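The shown structure was predicted, so the numbers you read here are calculated from the model rather than taken from an experiment. Below, each value reflects all heavy atoms present in this structure, side chains not excepted, and no hydrogens, waters or symmetry copies. First listed ligand is number 1; within each ligand, the first listed atom is number 1.
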Amino acid sequence: MKSDIILEIKGLKKYFPIKKGFFLREVGNVKAVDDIDLTIYRGETLGLVGESGCGKSTLGRSIIRLYEPTSGSIEFDGTDFLHAKGEKLRQKRKDLQMIFQDPFASLDPRMTVGQIVEQPYIIHNLLGTKEREVRVKQLLEMVGLKASHVNRYPHEFSGGQRQRISIARAIALDPKLIICDEPVSALDVSIQAQVLNLLKDLQKRFNLTYLFISHDLSVIEHVCDRIAVMYLGKIVEISSRDELFKNPKHPYTQALMSSIPSIGTGKKKMSKILTGEIPSPINPPSGCTFHPRCAFKMDVCSKVAPQLEGAPGHLASCHLVNPLNLKTNTTTQKELL
Ligand code: SF4
């Protein structure tokens, strides 16, 4: 099983320091990612879902080291990625790419499409000029654009086409894992399905693994094999897609599902509507961080933080799901690996 793991993160934290005063003294931290363990298997799509501000994009950026994590470990494809430096880091970065939410902001408006897609080869000093030209045209066709688009600029394309350019750039170096950070949420609904289908086709063709970040459970349901639900910097539930939609255990997951009209069509309507705002990650609530918004909170919830545990393949961090006095029969995520 271990050989099927492409990414394993343990105890990952990303705290942003808050500095105040003339001497910019550190007075606190924004705990955007707080002690996360997560495993991604080769060839799968793992969905990461949660409200905006829950830390899912920060987690994606910390994995790829766009943000340097505060602590923890990241093992990527058998390498200690978090401590990789110099040439080793450069080589590993080829295998780990990212697609961003806003395709317009992530594409340099002064560069032609050809120059944008060619960039990874130049950075990594790969292929000669002629070979790069041929490869760029092939990549554009692979993502559903035309080879003749090579000399156009990003502003000449629609949102969906711009995201296709981002995808072409992301797959240029034949990566193993792509972190897709809300890749369709800036697009019209009619275009979303086309881009999702393209990502699925490319996954099959190149045996790609995706970490797919989205606030939209219906998108996540469409593309993911397993789903991790994130709340205030922590994973609160993780399981296969089918199991999660059939049997959501954590009250937060249930609330997320009941807040989306398309979810539950033909299924029993859930009444756990999510109320209130997500609390500040500067000073998260004690115990279970969801307790101020939870319709099922008990006395213990504000005192003891629940652990992510449960039956193999379906873990949740909730005292209601895993009562404290029954913990001897449960399995932690670490024990499953
Ligand atoms: Fe709700 Fe308590 Fe479960 Fe937290 S631990 S989700 S407050 S029931």
Q: Do we get K31 above Y15's six-membered ring, with its NZ or CZ under 6.0 Å from the centre and within 45° of the axis?
A: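 Yes, a cation-pi geometry holds between K31 and Y15.
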Q: Could you tell me whether R241 and D225 make a salt bridge, using a distance below 4.0 angstrom between a side-chain N and a carboxylate O?
A: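 Salt bridge absent between R241 and D225.
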Q: So, do Y210 and I179 sit near enough that their side-chain heavy atoms are less than 4.5 Å apart?
A: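 Side-chain contact under 4.5 Å: no.
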Q: In terms of atom number and element, which parts of ligand 1 are under 4.0 angstrom from non-hydrogen atoms of C288?
A: 4 (Fe), 5 (S), 6 (S), 7 (S)
Q: Can you pull out the closest protein heavy atom to atom 2 (Fe) of ligand 1? Residue, atom name and distance to 0.1 Å, please.
A: C301 SG, 2.2 Å
Q: Test the K14-F16 pair against the cation-pi criterion, namely NZ or CZ under 6.0 angstrom from the six-membered ring centroid and within 45° of the ring axis.
A: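 Relative to the ring axis of F16, which defines the angle, K14 lies inside both limits.
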Q: Please identify which atoms of ligand 1 are closer than 4.0 Å to at least one heavy atom of H250.
A: 6 (S)
Q: In the protein, which heavy atom is nearest to atom 1 (Fe) of ligand 1, and how far is it?
A: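 Closest protein heavy atom to atom 1 (Fe) of ligand 1: C294 SG, 2.3 Å.
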Q: Is atom 2 (Fe) of ligand 1 less than 2.8 Å from an N/O/S atom of H319, whether that atom is in the backbone or a side chain?
A: no
Q: Thinking salt bridges, do E141 and K146 make one under a 4.0 Å N-O criterion?
A: no
Q: Counting from 1, what ligand 1 atoms have a heavy atom of P251 closer than 4.0 Å?
A: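 Taking each heavy atom of P251 in turn, ligand 1 has 6 (S) under 4.0 Å.
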Q: Within 2.8 Å of atom 3 (Fe) of ligand 1, is there any N, O or S atom belonging to C318?
A: yes
Q: Decide salt bridge (Lys or Arg N to Asp or Glu O under 4.0 Å) for E118 and R132; before the verdict, give the C-alpha distance in whole Å, the side-chain angles of both, and the deciding distance to 0.1 Å.
A: CA-CA 7 Å; E118 185 187 32; R132 284 203 302 265; 3.0 Å; yes
